[in-house]
A.B. asks: 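Can you read through this structure? Questions will come right after.
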Amino acid sequence: MLPRQINRRQLLLFGLGAVTGATTVALGQWFRQRRRWLDVGDRTFPIVGQQSLRERAAAKGLLYGAAISYDEITEDAEFVEQLVRECQILTPENELKWSRLRPSPTTYEFAVADEMVAFAQERQMQVRGHALVWHRSLPDWFAETATPDNAEALMREHIETVATRYAGVVHSWDVVNEAILPEHDQPNGMRQTPWLELLGEGFIDLAFRMAREADPQALLFYNDFNLDFAIRQDERKRRAVLALLERLVAQGTPIDGLGIQGHLSGRQVPFFDAEVMRGFLRDVASLGLKIMITEIDVIDKDWPADLATRDRLVAAAYEDYLSVVLEEPAVIGVVSWGLSDRYTWLSSFHPRDDGLPVRPLPLDDTLQPKLAWNAIARAFDHAPPRRL
Ligand code: G3I
């Protein structure tokens with residue numbers, strides 16, 4: 001008995017030692033990698049020429065654009081001037097979501113969305129539709145109204161009404177947004193959402209079929225986040241999203257592409273791995289799907305206060321990420337989640353602890369281009385041209 005007890009104790013101590021040792025090594029690596037990355041030194045992001053981001057993207061057969069809100073385009077003429085210069089495609093940030101379009105189960109409110117779409121059309125800009133099916137920004141009445149018996153009809157009526165209204169105008173729809181979250185421990189890595197509860201996983205295929213019927217011309221995208229870094233959370237997400245895309249393609253779902261949101265968190269940026277990203281993009285492309293970066297910005301909450309350092313870090317994050325992503329021929333465009341630091345969801349969703357304004361976007365809050373602008377311009381300039 002005694003020798004076995006001693007052995008077990010020794011084993012336990014040995015195990016604890018090994019775990020502690022491995023953790024120390026892993027932490028050491030983590031800190032070294034982070035420090036190495038944060039040392040962006042004197043990267044200067046030089047650019048050649050005066051062309052806008054729109055023009056640089058177009059020169060390679062790519063689209064560049066930004067998410068915008070109604071107030072920005074109706075109340076800020078100075079901002080509109082920059083928007084028109086820089087962007088070829090616009091995504092209404094919130095105005096095509098259920099909560100904005102559906103005041104009640106039987107009524108629609110299209111005035112604001114119509115105006116935004118007209119704004120783009122008048123300026124020969126394209127529009128991304130965001131989003132037909134999402135678990136967030138559902139109107140309050142949804143929870144009381146939707147049942148397993150009527151959910152499919154509710155979804156059909158919504159998609160028919162909204163996608164038909166903008167058919168021929170919308171370049172691409174985010175048909176289903178953020179349906180995967182492996183941390184929810186559902187089969188196939190599905191996120192626990194009202195749509196999943198009401199209709200099962202088949203809601204995704206249904207939504208795409210409805211969207212294709214309503215607008216045969218728009219490109220139809222599945223859109224999601226946390227697909228970017230060589231960390232466990234993103235690795236699980238990439239695997240689950242890829243498996244979803246494989247199932248959809250195999251069953252003939254009319255899907256055209258994957259939207260990678262690309263909200264790049266400063267904490268995770270040091271763990272960008274070009275090979276991992278290239279492999280993922282290649283896997284998606286091999287399914288015959290297009291890819292867009294649909295919501296890129298850089299979350300600078302955890303980075304130094306010093307503006308010069310912070311702007312260099314943000315720029316480095318953009319260039320390192322986009323230069324790899326744009327190598328993949330299946331990538332057709334990049335949309336940033338806002339154009340200027342004057343207007344960004346991050347000011348309220350991820351503010352800095354020191355109270356300084358966040359600087360996640362290509363233009364600063366006075367609408368001047370920052371190093372981030374240069375970084376995006378450089379990524380377009382170095383991108384291989386798409387075959388037209
Ligand atoms: O405009 C109203 C204002 O009138 C009201 O007083 C205030 C009180 O809450 O709310 C304001 O609306 C907010 C809106 O942002 C405009 O600021 C909504 O509450 C808030 O929920 C909404 O958040 C949006 C969020 O999606 C949820 O829909 C963000 O702006 C928007 O940037 C964010 O975008 C998402 C994408 O759709 C999907 N991917 C992630 C991305 C960032 O979270």
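Please read all numbers here as calculations on a predicted model, not as lab measurements. Every number for a ligand or one of its atoms is a count from 1 in the order of the listing.
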A.B. asks: Which of the numbered atoms in ligand 1 are under 4.0 angstrom from any heavy atom belonging to Trp345?
C.D. replies: 32 (O), 42 (C), 43 (O)

A.B. asks: Using distance alone, decide if ligand 1 has a nitrogen or oxygen within less than 3.5 Å of any nitrogen or oxygen in Glu93.
C.D. replies: yes

A.B. asks: Less than 6.0 angstrom separating the ring centers of Trp345 and His350, yes or no?
C.D. replies: yes

A.B. asks: What protein heavy atom sits nearest atom 26 (O) of ligand 1, and how far away is it?
C.D. replies: Lys97 NZ, 2.9 Å

A.B. asks: Identify which of Phe225, Trp337, Tyr70, Trp98 has a heavy atom lying nearest to atom 34 (O) of ligand 1.
C.D. replies: Trp337

A.B. asks: Against heavy atoms of Glu295, which atoms of ligand 1 measure under 4.0 Å?
C.D. replies: 36 (C), 38 (C), 39 (N), 40 (C), 41 (C)

A.B. asks: Does NZ or CZ of Arg56 lie under 6.0 Å from the centre of the six-membered ring of Tyr64, at an angle within 45° of the ring axis?
C.D. replies: no

A.B. asks: Students should be able to answer this: which protein heavy-atom is nearest to atom 38 (C) of ligand 1, and at what distance?
C.D. replies: Glu178 OE2, 3.3 Å

A.B. asks: What are the atoms of ligand 1, with element, lying closer than 4.0 Å to any heavy atom of Phe349?
C.D. replies: 23 (O)

A.B. asks: Run the numbers on Trp373 and Gln368 for side chain to side chain donor-acceptor pair (under 3.5 Å), then give the verdict.
C.D. replies: CA-CA 9 Å; Trp373 188 101; Gln368 292 308 304; over 6 Å; no

A.B. asks: Would you check the N or O atoms of Trp134, main chain and side chain alike, for any that come under 3.5 Å of an N or O of ligand 1?
C.D. replies: no

A.B. asks: Determine if the distance from atom 42 (C) of ligand 1 to the closest protein heavy atom is below 4.0 Å.
C.D. replies: yes

A.B. asks: Looking only at protein heavy atoms, which one is nearest to atom 28 (O) of ligand 1, and what is the separation?
C.D. replies: Ser137 OG, 2.6 Å

A.B. asks: Does Asp205 have any salt bridge (charged side-chain N to carboxylate O under 4.0 Å, His left out) partners at least two apart in sequence or in another chain, and if so, which?
C.D. replies: Arg209

A.B. asks: Could an N or O of ligand 1 be found under 3.5 Å from any N or O of Asn177, whether backbone or side chain?
C.D. replies: no

A.B. asks: Could you tell me the residue and atom name of the protein heavy atom closest to atom 15 (O) of ligand 1, and the distance to it rounded to 0.1 Å?
C.D. replies: Asn94 ND2, 3.7 Å

A.B. asks: For atom 2 (C) of ligand 1, what's the nearest protein heavy atom and its distance?
C.D. replies: Arg100 NH2, 4.4 Å

A.B. asks: As a quick check of understanding, evaluate side chain to side chain donor-acceptor pair (under 3.5 Å) for Glu55 and Gln88, giving each step before the final call.
C.D. replies: CA-CA 9 Å; Glu55 290 164 327; Gln88 184 57 48; over 6 Å; no

A.B. asks: By number and element, which atoms of ligand 1 are closer than 4.0 Å to a non-hydrogen atom of His130?
C.D. replies: 36 (C), 37 (O), 38 (C)

